[in-house]
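To keep things clear, I will list the structure first and then write my remarks on it.
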Amino acid sequence: MALPELHRFTLPNGLRVVLAPDPSAPVIGVSVHYDVGFRSEPEGRTGFAHLFEHLMFQGSESLEKLAHFRHVQSSGGTFNGSTHPDYTDYYQVLPSAALERALFLEADRMRAPKLTEENLRNQIDVVKEEIRLNVLNRPYGGFPWILLPALLFQTFPNAHNGYGDFTDLENATVDDCAAFFDTYYAPGNAVLTVAGDLAVDEAKSLVEKHFGDVPARPVPERPSFAEPAPKGELRSEHVDAHAPMPALALGYRIPDPVHDLDAYLVYPVLAGVLTDGDGSRLQQRLVHKDALVVDVGAGCGLFGPLEARDPDVFTITAIHPAEHGVDKVLTAVDEELARLAEEGPSEEELAKVTARWVSGMHREHDRLTSRTLGLGASELLFGRAELLYELPGKLAAVTADQVAAAAKALRADSRAVLTVKPAAGGSE
Amino acid sequence: MSAPTSHRSAEEIGRTERGPRPLPELGEHRAAADLASADTTLPSGLRVIAVRRASVPVVELRLRVPFADPADSAVGSTHCAVAEVLANTLLTGTARRGRLDVDTELALVGGELDAVVDPERLAISGNALVSGLDTVLDVLADVLTGATHPEEEVARERARLVERIRLARSQPNVIAREALQEHLYGDHPFAKEMPEVAEVEAVTPEQVRELHARAVLPRGSALVLVGDLDPEAAVAAVAQALSGWTGEGEAVRLRPLPEVVGGDVKFVHRPGAVQSQIRLAGRGLTRTDERYPAFQLANLVFGGFFSSRLVENIREDKGYTYSARSHPEFTPGGATLLVDADTASEVTAAALMETRYELAKLGMVPPTDEEVDTARRYAVGSLLTATSSQGGLASFLVNLAGMDLDLEWFAGHPVRLAAVTTEQVAQAALDFFSPGSFTGVVVGDAELLAPKLRALGGVVLP
């Protein structure tokens with residue numbers, strides 16, 4: 001299959017633009033990725049990047065509160081936004097007849113969002129409900145994405161809670177919002193992606209029409225968030241009031257995906273060999289042979305592979321009945337990692353992982369929302385939207401020796417071991 | 001927060017010299033390409049629907065086998081437990097393949113298969129690179145006709161199922177769902193979505209094999225394929241691969257549900273909860289009812305999408321909830337209208353009051369032309385976007401097949417929505433959204449919630 005064509009250009013104000021035409025259905029995806037995530041929050045303002053994401057939906061110079069939602073939905077579209085460690089994205093997927101309208105909506109809030117006290121207070125309440133729903137009132141809430149970084153990392157940007165503490169959220173002011181917007185939401189700090197049923201020349205002139213007069217502002221220097229890997233095994237226990245049985249999350253540091261992409265990409269393959277399908281090594285050992293856990297999973301990144309810059313994380317998570325202690329599970333994991341490091345995966349194991357990756361990526365890109373967001377994130381983080389289409393080939397090129405070496409690099413003396421303990425002790 | 005450099009004020013940020021700009025008009029709507037399709041019933045009684053959507057070289061597969069409890073009661077019947085073990089061991093062994101072989105063969109063609117069961121149906125879904133379609137069909141045929149439900153796999157999956165039930169029943173939304181189903185339907189089998197632990201522990205391999213032989217039947221079942229395929233050739237491939245899947249009788253459909261009757265809301269105590277689940281239910285309409293398009297639009301205006309009255313009130317105005325929504329659930333021969341919101345304990349009673357207020361208001365202050373048009377355009381557009389992927393289209397079509405509907409219904413629905421008048425929506429609002437025709441449950445901490453809920457009324461407290 002020929003690779004889909006990509007067009008990219010940069011407006012004079014610095015906005016980077018990616019166009020990805022695909023006429024197979026009369027729908028269009030529009031996304032804006034801003035180069036700021038919760039790693040950039042200052043101390044005392046945990047959760048601010050996500051709170052600010054909510055405020056970007058609350059009106060702009062040309063659009064009253066609630067108008068954004070109404071205009072997208074009355075055009076037949078869907079929308080959302082999400083905050084990640086290194087970026088914040090906004091998207092709309094609509095019938096292609098609404099392309100210009102979608103560009104207008106994104107441009108208006110990039111140019112002049114309305115940041116008001118009333119909307120800020122309202123969205124602080126909404127975000128607190130979101131945290132109650134997804135973390136405080138739910139078993140295993142925030143496991144492991146909120147809990148693991150606090151153990152594995154030492155510096156505030158990497159270690160803090162990206163959803164935020166209630167006190168920090170409540171202390172946020174409108175002036176904080178203004179400062180955050182002016183600092184990080186400059187057009188030169190963003191990538192606009194348009195994918196789907198578009199004509200390239202027409203889309204380009206519509207982008208210029210709506211985004212061209214967003215004034216340029218200085219783009220902040222991006223600090224390095226690098227910090228050394230742990231020197232020893234770090235352990236902590238989290239008591240969960242709602243969980244019916246214990247769980248554990250292992251966190252390991254992995255290579256820098258921006259500067260050493262080939263080394264990084266061994267790890268998604270390793271994750272597949274370990275936990276993808278009944279025949280994978282940890283499923284076989286922990287679920288089927290020893291019956292130690294209910295489920296086990298492994299993967300790159302707290303939000304998925306290639307979703308963050310350095311430093312990134314490899315995780316192994318499991319939920320297990322209390323009668324099997326954490327050390328029994330750890331021993332079995334370490335034995336399987338050692339065996340894989342020693343003998344390497346078979347050609348068949350690699351072929352299975354590769355075929356499922358290829359198929360899985362095709363399926364993911366068939367959903368316009370995922371494709372639009374994937375192209376935008378790749379362009380923002382790696383400067384290469386086309387990476388999305390190159391991944392199957394790159395993953396297929398990973399060798400058995402590389403996977404064995406990656407398994408060996410998951411060392412017990414340089415990792416975080418987070419355990420979740422049910423408040424009731426894990427029995428009935 | 002200290003900004004690294006000086007910055008504008010919020011007021012300065014929110015305005016430009018040029019001032020507000022007009023919203024661009026919508027461009028020309030382009031119709032979706034006609035989908036080539038085939039829709040056939042094989043001699044075995046299996047209905048096969050194949051649709052060509054060639055966007056990626058993948059094929060999506062959905063099989064739906066009606067799988068209701070013939071004993072027809074949630075109480076005292078082991079069907080639910082046996083069916084769960086059956087679904088969890090379906091792909092773990094046949095005369096030709098062990099569990100590992102199944103996984104390996106599917107993986108090598110970039111594929112997967114998964115089986116789940118609920119009170120209505122056994123659902124097998126999967127996908128693969130289109131070059132692997134024959135492999136997926138071969139594995140599917142093998143498990144349908146030759147699954148052995150091996151002794152040791154039954155034992156292991158039984159134990160895992162017990163653990164998974166414990167995990168599920170610790171989730172607030174599951175606690176609320178189980179309480180609501182029991183409150184609405186009593187001992188009707190539709191109420192029993194999850195078996196009891198003791199029932200699972202008692203399931204034997206013989207029971208599973210017996211249920212498989214008796215109930216996994218092609219007649220009454222439907223298989224949907226969507227992907228980069230030729231529809232006629234795909235149907236022929238299915239006919240050949242599944243030619244050995246035959247059986248006496250017809251897959252068991254669930255009997256119609258008792259109609260939801262309005263009444264008090266039942267309170268369910270969850271000690272230590274910091275948030276409550278509000279779950280209301282009333283009577284809805286089937287997709288085939290001629291009033292359905294008007295009902296669909298009335299529901300959207302009420303709480304069926306973000307730009308709805310309920311969301312604008314209890315989220316965007318009052319901040320009581322992160323998510324509130326209303327949606328129809330289609331059931332055999334009918335439909336239930338569900339209203340869900342999760343709210344902090346302090347504002348739960350207020351949120352319930354506002355929800356009832358919005359229900360009443362929909363009838364008293366009926367949707368305007370503008371509200372109806374917004375909902376209509378959303379209904380048409382979201383149908384287009386939700387079904388613009390192979391997987392989305394396959395899932396949508398297999399659900400339609402469960403209601404004996406087809407691609408024609410799908411293709412014709414925008415036309416039906418276009419014809420709905422504001423008066424018809426107002427009538428649907430009056431007929432289906434009065435607060436008195438709803439009942440439901442609230443799950444939360446009684447200590448925190450009882451005083452206000454008692455004062456509000458219409459809630460049965462412990």
Side-chain angles (χ1 to χ4, degrees), chain A residues 1 24-27 42 45 61-62 66 69-70 73-78 93-98 100-101 104 111-112 114-115 122 125-126 129-130 132-133 136-139 174 176-179 181-183 241-242 244 277-279 291 294 321 351-352 355-356 358-359 362-363 366-368, chain B residues 1 3-4 7-10 13-16 20-21 24 26-30 32 55-58 99-100 103-104 107-110 127-129 156 160 163-164 166-167 170 172 272-275 305-307 312 315-316 319 321-322 342 344 374 377-378 380-382 384-385 388-391:
Chain A
M1 198 170 110
S24 72
V27 287
R45 286 291 179 275
E61 183 176 37
S62 311
L66 304 177
F69 309 122
R70 283 205 198 113
Q73 295 198 310
S74 74
S75 308
T78 54
V93 172
L94 325 89
S96 41
E100 183 173 5
R101 190 171 278 193
F104 169 85
R111 184 166 36 237
K114 264 194 206 115
L115 306 168
N122 172 267
D125 285 344
V126 170
E129 284 309 302
E130 182 178 354
R132 286 190 181 102
L133 179 73
L136 302 176
N137 199 45
R138 169 183 293 187
V174 170
D176 290 339
C177 299
F181 178 81
D182 255 4
T183 308
H242 306 292
D278 274 348
V294 183
K352 281 160 51 178
R356 275 196 168 136
V358 172
S359 168
H362 281 310
R363 297 173 65 229
D366 194 33
R367 290 189 298 272
L368 188 55
Chain B
M1 188 167 79
H7 61 86
R8 294 175 290 167
S9 70
I13 286 170
R15 61 168 183 265
T16 64
R21 304 165 192 226
L26 292 177
E28 196 82 357
H29 266 290
R30 188 163 77 79
S55 44
V56 288
V58 174
R99 182 173 198 147
L100 263 183
D103 183 60
T104 300
L108 288 171
V109 297
N127 55 72
L129 292 167
R156 177 64 200 120
R160 261 182 111 190
E163 290 156 358
R164 285 178 166 166
R166 277 182 63 201
L167 285 175
S170 68
V274 298
Q275 202 181 39
F305 67 152
F306 204 95
S307 304
E312 290 185 1
R315 175 178 152 133
E316 291 300 301
T321 185
Y322 175 64
D342 291 33
T374 295
R377 286 196 296 264
Y378 176 76
V380 173
S382 60
L384 189 69
T385 50
S388 67
S389 70
Q390 295 176 353

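Per chain, numbering begins at 1; letters A, B, ... match sequence-line order.
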Most heavy-atom pairs under 4.5 Å with chain A, out of B:His29, B:Arg15, B:Glu163, belong to B:Glu163

Practice problem: Would you indicate whether the side-chain heavy atoms of B:Thr385 and A:Leu368 approach each other to under 4.5 Å? | Solution: no

Under 4.5 Å to a heavy atom of chain A? For B:Arg315 that would be both

Do side-chain atoms of A:Asn122 reach the backbone of B:Glu316 as a donor and acceptor pair under 3.5 angstrom? yes

Turns out that what part of A:Pro321 lies under 4.5 Å from chain B's heavy atoms comes down to side chain

Test your reading of the model: is there a side-chain donor-acceptor pair from A:Glu129 to the backbone of B:Ala344, 3.5 Å cut-off? yes

Cut-off 4.5 Å, heavy atoms of chain B, and the answer for A:Val294 is both

Distance col, row A:Leu94:CG vs B:Tyr378:OH, nearest 0.5 angstrom, shows 11.0 Å

Taking side chain as C-beta onward, heavy atoms only, is B:His7 less than 4.5 Å from A:Phe181? no

Scanning both residues in full, the closest heavy-atom pair of A:Ser359 with B:Val58 reads O-CG2, 4.2 Å

Heavy-atom nearest pair, A:Ala351 first then B:Leu108, reads CB-CD2, 3.8 Å

Measure the shortest side-chain to side-chain distance between B:Leu167 and A:Pro139 over non-hydrogen atoms and say whether it is less than 4.5 angstrom.
no

(message) Would the distance check show the side chain of A:Glu100 and the main-chain N or O of B:Pro24 forming a donor-acceptor pair, the cut-off being under 3.5 Å?
(response) no

Answer yes or no: is there a side-chain heavy-atom contact under 4.5 Å between B:Gln390 and A:His362?
no

Per-residue tally against chain A (heavy atom, under 4.5 Å) across B:Gly110, B:Gly391, B:Gly272 peaks at B:Gly110

CG (B:Asp342) and CD (A:Glu130) are apart, to the nearest 0.5 Å, by 12.0 Å

Donor-acceptor pair, side chain of A:Ser62 and main chain of B:Arg21, under 3.5 angstrom: yes

Taking every heavy atom of B:Leu26 against every heavy atom of A:Ser75, the minimum-distance pair comes out as CD2-OG, 3.7 Å

Applying side-chain hydrogen bond (donor to acceptor under 3.5 Å, both in side chains) to B:Thr16 and not counting sequence neighbours gives A:Glu61

Whatever's closer than 4.5 Å to a heavy atom in chain B on A:Leu133 counts as both

Closest non-hydrogen contact found for A:Ala178 with B:Ala10 is CB-N, 3.7 Å

Under 4.5 Å to a heavy atom of chain B? For A:Ala241 that would be neither

Okay, B:Glu28 and chain A: the region with an atom under 4.5 Å from a heavy atom over there is backbone

Check: B:Ser170 versus A:His242: any side-chain heavy-atom pair under 4.5 Å?
Finding: no

* Does the A:Asn137 side chain pair with the main chain of B:Val274, one donor and one acceptor, at a distance under 3.5 Å? -> yes

If you tally heavy-atom pairs under 4.5 Å between each of B:Gly27, B:Ala128, B:Ala107 and chain A, the highest tally belongs to B:Ala107

To the nearest 0.5 Å, atom OG1 of B:Thr321 lies from atom CZ of A:Arg132 at 10.5 Å

Looking only at A:Arg367, A:Arg363, A:Arg70, the option with the highest number of non-hydrogen pairs under 4.5 Å against chain B is A:Arg363

For A:Lys352 and B:Thr104 the tightest heavy-atom approach is NZ-OG1, 3.7 Å

Across all chains, not counting sequence neighbours, the side-chain hydrogen bond (donor to acceptor under 3.5 Å, both in side chains) partners of B:Arg99 are A:Asp278, B:Glu153, B:Glu157

Heaviest contributor of heavy-atom pairs below 4.5 Å to chain B, chosen from A:Asp182, A:Asp125, A:Val358, is A:Asp182

When the 4.5 angstrom heavy-atom criterion is applied to B:Leu100 and chain A, the contacting part is side chain

Shortest non-hydrogen pair, B:Ser55 vs A:Asp366, comes out as OG-OD1, 2.6 Å

